[in-house]
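Below is one structure, written out as structure tokens; the observations come after it.
These values consider heavy atoms only, across backbone and side chains, with no hydrogens, waters or symmetry-generated copies.
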Amino acid sequence: MTRYGTKSLFGSAEEAEDLSGGHIVRIAFDTGADTEFDYIVPDRFWPVQVGRRLEVPFGRGNKLTTGFCVAVIDEAPEEQKSRRFKLKVVKKVIDNEPLVDGQLMALARWISTYYVCPLGQVLAAVVPTAVKKGAGVRKQSYVYLRRPGDDNADLPTSRKQKAIVDVLRRAGALDSDSGIAKAELLESAQCTVAPLKQLVRKEIVGIEQKEILRALPAVPAGLSLEQAAIELNSDQRKALAHIADQLDSNRFGVTLLHGVTDSGKTEVYIRAIEKTVERGRTAIVLLPEIALTAQTVQRFKSRFGRLAVLHSQLTGPQRNAQWRRIKAQKADVVIGTRSAVFAPVSNLGLIVVDEEHEPGYKQDTTPRYHGRDVAIKRAQITGAHCLLGSATPALETLHNCATKEHYLSLIHIWRCRRIRRCRSRWSPYH
């Protein structure tokens, strides 16, 4: 009997139980198929939220395939009964919580439509491979006291058992949340695993398996760059005041910050992010090249303690650790290349796209997209502000400034007649 075949003429009892479920979800696969498929969710797996991964039989051979739940179908009971026995059944729910929230799902659907790419392939790019594979995640045993044992007939009798209990009491490991690692416990008690097994058998101590993520830090502790206090010039102050007004409005907007090299754009970014964090919101900083990431991280690390980094040069465990840290809302600022636009931040307030004209923001593999345009769209979906910075803005960006975006300049306009003419052209947007 094959793995995907039925065990009898009428199917197994488990399959009969699965068909009793009335919940229908829509799943997108990373197979290149430009459509989504409906499946029945058994009651034992319900509820299933949008953004979680499910394992289902797919194709003519019913090969078990992983896909993203992209919608929950709300149909009338009569319609469900007519389709229920024509649909396949979900076999497994992989994730404990959604990997893609509602805003990222809306962004993925826009990318799928705008760049003509199947939704499943877009979602495969939104969530890093290291996260989906659980890179660096290991299971470790933690030991805790189930009961003190003072008034119990099954008190520890041997010296080694008493040593284990004493170590757990001193460490305050009185429940599963405060347990200590098994290896650390045995080393502190200077004993083997045999006495521990006896305590588990007597139900004096308990052991719980927990998942831990081990990875080298993506941002080394000594990487921060000490800087003297910087005083903003008049152009920087005007630019920062405009951006602050946009942040206070809590509405979507786009601003182009035009300034030559060493004109102070990065300091404006940092001050704008500081104002964003003060308002209880988060920020994403996109850079066109990985080489620029290390330089920028050095400068940002000295100003922001809760900093995360996402780029392709990280190892799998590092990328998984950074992504989970962002997902757990332990980072206020995320710095990275174009894929960092999909960082799972919550309460997004500002997206900075440095050197927005650079071709490095163009993704040349499926799904093909432009990181700058996706950043603007994500800002629109989340009600955030998008700040574009460049010494030589792209022509399409300059065109959009005339009707849509706000234009700010850090160039001293009195030094060049050509720049003065540009200033007169953009004067309505200052």
Q. Checking side chain to side chain contact (heavy atoms under 4.5 Å, CB included) against Lys91, which of Val56, Leu64, Leu54 comes through?
A. Leu64
Q.
Treating Asn347 as the side-chain partner and Gly280 as the backbone partner, does any N or O pair qualify as donor plus acceptor under 3.5 Å?
A. yes
Q | Basic-acidic side-chain contact under 4.0 Å: Glu208, Arg146 | A | no
Q: Verify whether one side chain among Thr365 and Gln363 offers a donor that lies under 3.5 Å from an acceptor in the other.
A: yes
Q) If you count the non-hydrogen atoms of other residues, nucleotides and ligands that lie under 6.0 Å from NZ in Lys327, is the total more than 12? A) yes
Q) Just by modelled atom types, is the Gly259 backbone N or O under 3.5 Å from a matching donor or acceptor in the Lys265 side chain? A) yes
Q) Taking Tyr361 for the side chain and Leu286 for the main chain, is one N or O donor matched with an acceptor at less than 3.5 Å? A) yes
Q | Side-chain donor-acceptor contact under 3.5 Å, Arg319 with Gln322 | A | no
Q | Backbone N/O of Gln246 and side chain of Ser249: donor-acceptor pair under 3.5 Å | A | yes
Q) Any side-chain donor-acceptor pair under 3.5 Å between Arg237 and Asn233? A) no
Q) Are the ring centres of Tyr407 and His258 closer than 6.0 Å? A) yes
Q. Phe37: what forms a ring-ring contact (aromatic ring centres under 6.0 Å, His included) with it, not counting sequence neighbours?
A. Phe29, Phe58
Q | Distance-only side-chain donor-acceptor flag, Asn400 / Thr397, under 3.5 Å | A | no
Q) Looking at Lys275 and Ala244, what are the two nearest heavy atoms and their distance? A) CD-CB, 3.8 Å
**Q.** Residues Glu267 and Arg299 bridged, charged N to O under 4.0 Å
**A.** yes
Q: Over all heavy atoms of both residues, which pair between Ala272 and Leu247 is shortest? Give the atoms and the distance, please.
A: O-CD1, 3.8 Å
Q. Should we count NZ of Lys132 as having more than 12 external heavy atoms under 6.0 Å?
A. yes
Q: Carefully, step by step, assess Leu348 and Arg281 under the rule side chain to side chain contact (heavy atoms under 4.5 Å, CB included).
A: CA-CA 6 Å; Leu348 181 63; Arg281 307 189 73 178; 5.6 Å; no
Q.
So, applying side chain to side chain donor-acceptor pair (under 3.5 Å) with Arg372, which one of Glu358, Glu355, Glu396, His357 is it?
A. Glu396
Q: List the steps, then state whether salt bridge (Lys or Arg N to Asp or Glu O under 4.0 Å) holds for Arg279 with Asp248.
A: CA-CA 9 Å; Arg279 289 162 172 78; Asp248 290 336; 2.5 Å; yes
Q: Taking Tyr39 for its side chain and Pro57 for its backbone only, find out whether a donor-acceptor pair lies under 3.5 Å.
A: yes
Q: Scan side-chain atoms only and decide if Thr266 and Arg271 contain a donor-acceptor pair under the 3.5 Å cut-off.
A: no
Q. If only atom types and distance count, is the side chain of Thr282 paired as donor or acceptor with the main-chain N or O of Ser346 below 3.5 Å?
A. yes
Q: Indicate whether the side chain of Thr315 and that of Gln318 have a donor and an acceptor atom separated by less than 3.5 Å.
A: yes
Q) Would Asp95 and Arg52 satisfy salt bridge (Lys or Arg N to Asp or Glu O under 4.0 Å), going step by step from the backbone distance to the final call? A) CA-CA 6 Å; Asp95 305 308; Arg52 296 173 71 177; over 6 Å; no
Q.
Can a donor-acceptor pair be found, under 3.5 Å and without considering hydrogens, that links the side chain of Ser112 to the backbone of Ala108?
A. no
Q) For the atom pair CG (Leu186) and CD1 (Ile180), what is the distance rounded to the nearest 0.5 Å? A) 9.0 Å
Q: Carefully, step by step, assess Ser141 and Gln209 under the rule side chain to side chain donor-acceptor pair (under 3.5 Å).
A: CA-CA 5 Å; Ser141 299; Gln209 297 287 331; 2.7 Å; yes
Q) Can you check whether Val70 reaches Arg109 side chain to side chain, under 4.5 Å on heavy atoms? A) yes
Q | No-hydrogen, no-angle side-chain donor-acceptor test under 3.5 Å, Glu289 and Thr337 | A | no
Q.
So, taking the atom named CD1 in Ile40 and the one named NE2 in His23, what distance separates them when rounded to the nearest 0.5 Å?
A. 10.5 Å
Q. Does any N or O in the side chain of His370 come within less than 3.5 Å of the main-chain N or O of Lys362, such that one atom is a donor and the other an acceptor?
A. no
Q: Dump the intermediate steps for salt bridge (Lys or Arg N to Asp or Glu O under 4.0 Å) on Glu274 and Arg303, then the final yes or no.
A: CA-CA 8 Å; Glu274 286 177 344; Arg303 308 283 283 272; 3.3 Å; yes
Q: Evaluate whether atom CZ of Arg306 has more than 12 neighbouring non-hydrogen atoms of other residues, nucleotides or ligands under 6.0 angstrom away.
A: yes
Q.
Is there a side chain to side chain contact (heavy atoms under 4.5 Å, CB included) between Ile243 and Leu408? Walk through the geometry before answering.
A. CA-CA 10 Å; Ile243 297 170; Leu408 298 172; 4.2 Å; yes
